[in-house]
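Comments concern the structure below.
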Amino acid sequence: MTKQSAQKIIVFGARGRVGRAVVAEARARGHHVTEAGRAEGDVTSAADVARLAAGHDAAVVSVYDMQAAPGVFFPAVARALAAGLPEAGVGRLVGVGLASVLPTESGVALMDTAGYPQEWREFYVGHGAGTEALRAAAPGALDWAVLSPAGDFDADGDADGGPGGHAFAPADAASRITHAGFARAVVDEATAPTLHAVHAGVVPA
């Protein structure tokens, strides 16, 4: 991580576990953070996204709705962000995705590997559909990337994520990263982008 000037970041889904970790990491670096949740607006509404995001440099989104069909909700979020963020003048978006839809080293999606849990497949597929909707709808003015753990979160890891940085890797069901370690990668990509129009798995380094 290099020294950066303070930026204004809006975090949609700021009160979930990933969102809280991103907010904490961004503020620890001196960035100005706006926390956006359901009480502030509807992330499936381009008008609400534009209203909330006005005046920010970058956006992070980590949301879900247990009451909505994943295949409807996640694409709707993607389309609202693709329309609302450029209208607000926000040029960078980092979404939080799922490892399930990432390719493994063999090229097979993690969710299609032997023994991978299938009871949440509708959720996996819906998340993936959201990324594809973003790819289809995002204008050139919106530079975006989607990050997820390469495997899953290490809920029992060090609170600060442990030493070291992060790297990008294919999906691996055995891989684990703490929420704090993952948040570092998200804030890095929000404020100093290296990935563009891709979904990447994050591992500790």
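Just so you know, residue 1 is the first one in the sequence shown, and it goes up from there.
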Q. Thr34 versus His56: any side-chain heavy-atom pair under 4.5 Å?
A. yes

Q: List the atom of Val203, the atom of Ser175, and the distance in Å for their closest heavy-atom pair.
A: CG1-OG, 3.4 Å

Q) How long is the gap from NE2 on His32 to CG on Asp57, to the nearest 0.5 Å? A) 9.5 Å

**Q.** Lys/Arg-Asp/Glu bridge criterion (N-O < 4.0 Å) met for Asp48, Arg38
**A.** no

Q) Does the side-chain contact (heavy atoms from CB on, under 4.5 Å) test come out yes or no for Val187 and Val22, once each step is laid out? A) CA-CA 7 Å; Val187 176; Val22 170; 4.1 Å; yes

Q) Hey, is the main chain of Gln7 close enough, under 3.5 Å, to the side chain of His31 for a donor-acceptor pair? A) yes

(Q) Using modelled atom types and a 3.5 Å cut-off, is there a donor and acceptor pairing between side-chain atoms of Thr113 and backbone atoms of Leu110? (A) yes

Q | ILVMFWY network linking Val96 to Val94, side-chain heavy atoms under 4.5 angstrom | A | yes

Q: Could you tell me which non-hydrogen atom of Ala150 sits nearest to which non-hydrogen atom of Pro170, and how far apart they are?
A: CB-O, 3.6 Å

Q. In terms of hydrophobic clusters joined by side-chain contacts under 4.5 Å, are Val18 and Leu98 together?
A. no

Q. To the nearest 0.5 Å, how far apart are CZ in Phe74 and CZ in Phe123?
A. 4.0 Å

Q.
Same cluster or not: Trp120 versus Tyr116, using hydrophobic residues (I, L, V, M, F, W, Y) connected whenever any side-chain heavy atoms lie under 4.5 Å apart?
A. yes

Q. Between Ala54 and Ala88, which heavy-atom pair has the shortest distance, and what is it?
A. N-CB, 3.6 Å

**Q.** Verdict with supporting geometry, Val61 and Val77, side-chain contact (heavy atoms from CB on, under 4.5 Å)
**A.** CA-CA 9 Å; Val61 60; Val77 170; 4.2 Å; yes

Q. Does a side chain donor of either His199 or Ser148 reach within less than 3.5 Å of an acceptor in the other side chain?
A. yes

Q. Do any N or O atoms from the side chain of Arg20 and from the backbone of Arg15 form a donor-acceptor pair under 3.5 angstrom?
A. yes

Q: Could you grab the distance from atom CZ of Phe182 to atom CG of Asp152, nearest 0.5 Å is fine?
A: 11.0 Å

Q: Give the intermediate values and the outcome of side-chain contact (heavy atoms from CB on, under 4.5 Å) for residues Leu81 and Trp144.
A: CA-CA 10 Å; Leu81 293 166; Trp144 63 271; over 6 Å; no

Q | Glu119, CD: over 12 other non-hydrogen atoms inside 6.0 angstrom | A | yes

Q: Using ring pair (Phe, Tyr, Trp, His ring centres under 6.0 Å) as the criterion, list what pairs up with His179, not counting sequence neighbours.
A: Phe153

Q. Would you say Arg135's side chain and Ala197's backbone share a donor-acceptor pair under 3.5 angstrom?
A. yes

Q: Considering only NZ, NE, NH1 and NH2 on the basic side and carboxylate oxygens on the acidic side, decide whether Arg184 and Glu189 come within less than 4.0 Å.
A: no

Q) Looking at residues at least two apart in the chain, or sitting in another chain, which of them share a side-chain contact (heavy atoms from CB on, under 4.5 Å) with Arg121? A) Met111, Asp112, Gln118, Tyr124, Val125

Q: Please name the pair of heavy atoms, one in Ala58 and one in Ala190, separated by the smallest distance, quoted to 0.1 Å.
A: CB-O, 3.5 Å

Q | Rounded distance [0.5 Å steps], CG in Leu85 versus CZ in Phe12 | A | 6.0 Å

Q) Between Asp172 (side chain) and Gly151 (backbone), is there a donor-acceptor pair under 3.5 Å? A) no

Q) Going by heavy atoms in the side chains, are Glu35 and Val11 under 4.5 Å from each other? A) no

Q. Which heavy atom of Pro86 sits nearest a heavy atom of Leu142, and at what distance?
A. CG-CB, 4.1 Å

(Q) Within this structure, what is the CD1-CD distance for the pair Ile9 and Glu25, rounded to the nearest 0.5 Å? (A) 10.0 Å

Q | Least distance between heavy atoms, Leu134 atom then Ala82 atom | A | CD1-CB, 4.3 Å

Q. Thinking salt bridges, do Arg92 and Asp143 make one under a 4.0 Å N-O criterion?
A. yes

Q | Worked verdict on Leu195 versus Leu147 for side-chain contact (heavy atoms from CB on, under 4.5 Å) | A | CA-CA 9 Å; Leu195 299 176; Leu147 301 183; 3.7 Å; yes

